[in-house]
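Since the structure comes first, as structure tokens, the remarks are kept for the end.
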Amino acid sequence: MEIKIPKEVRQHKETIFFGLTMRQFVCAVLAVGLAVGVYLGLSSLIGQETASWACIVAATPLALAGFFNYNGMTFEQFALAFIKSQFLYAGPRVFRAENIYRKAMTGKGGCDNA
């Protein structure tokens, strides 16, 4: 029996089924459940082929949320940080043109022309 130890111990992920972590496994099971529900609910209304595409579209975000990892953040942590930085705590973004050449020629810039 050989156990691989990662160089950084904090990067260790415990796997439970098929090499998936608990988070990945739960998201995958929920995605499959959602896909089956969408298929059974829509196949009689819109046809089997279109319902199968709707299954894929509905289940993909949930499945990807289990595998998403950006700078050590899960999908929920990343989404919250993105919303905070872009919408909640973002101040007004005002564009002001600045003529650097004019400042340099008039001497009103931050440089001393002595």
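These values consider heavy atoms only, across backbone and side chains, with no hydrogens, waters or symmetry-generated copies.
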**OP:** Search all heavy atoms of Thr21 against all heavy atoms of Gln24 and return the closest pair with its distance.
**Re:** N-OE1, 3.1 Å

Original post:
What's in the same ILVMFWY side-chain cluster as Ile56, cut-off under 4.5 Å, chained through other members?
Top reply: Trp53

Original post:
Checking Arg23 side chain against Ala65 main chain: does a donor-acceptor pair fall under 3.5 Å?
Top reply: yes

Original post:
Nearest heavy-atom pair of Ala51 and Leu42: which atoms, and what distance?
Top reply: CB-C, 4.0 Å

**OP:** Kindly check if the number of other-residue, nucleotide or ligand heavy atoms within 6.0 Å of OH (Tyr70) is above 12?
**Re:** no

Original post:
Val26, Leu62: one ILVMFWY side-chain cluster at the under-4.5 Å cut-off?
Top reply: yes

Subject >> Heavy-atom donor-acceptor pair, Thr50 side chain to Gly47 backbone, under 3.5 Å >> reply: no

**OP:** Provide the closest heavy-atom pair for Phe68 versus Phe75 in the form atom of the first, atom of the second, distance.
**Re:** CD2-CA, 3.5 Å

**OP:** Tell me whether Val36 is reachable from Leu64 by hopping between hydrophobic residues (I, L, V, M, F, W, Y) whose side-chain heavy atoms are closer than 4.5 Å.
**Re:** no

Original post:
Which distance, rounded to the nearest 0.5 Å, do you find between the SG of Cys27 and the CE of Met22?
Top reply: 11.5 Å

**OP:** Working to the nearest 0.5 Å, report the span between CD1 of Ile100 and CE of Met105.
**Re:** 14.0 Å

Subject >> Approximate separation, where rounding is to 0.5 Å, of Phe82 CZ and Leu88 CG >> reply: 11.0 Å

Subject >> Minimum heavy-atom distance Gly41-Leu45, with the two atoms named >> reply: O-CD1, 3.7 Å

Original post:
More than 12 non-hydrogen atoms from neighbouring residues, nucleotides or ligands closer than 6.0 Å to CD on Glu76, yes or no?
Top reply: yes

Original post:
So how far is it from Met73 CE to Phe78 CZ, rounded to the nearest 0.5 Å?
Top reply: 6.0 Å

Original post:
What closest approach, in Å, do Leu40 and Ser43 show between heavy atoms, and which atom pair accounts for it?
Top reply: O-OG, 3.9 Å

**OP:** Please answer whether the main-chain N or O of Ile83 pairs with a side-chain N or O of Gln86 as donor and acceptor at a distance below 3.5 Å.
**Re:** no

**OP:** Could you note down all residue pairs passing ring-ring contact (aromatic ring centres under 6.0 Å, His included) where residues 25-51 supplies at least one of them, sequence neighbours left out?
**Re:** Phe17-Phe25

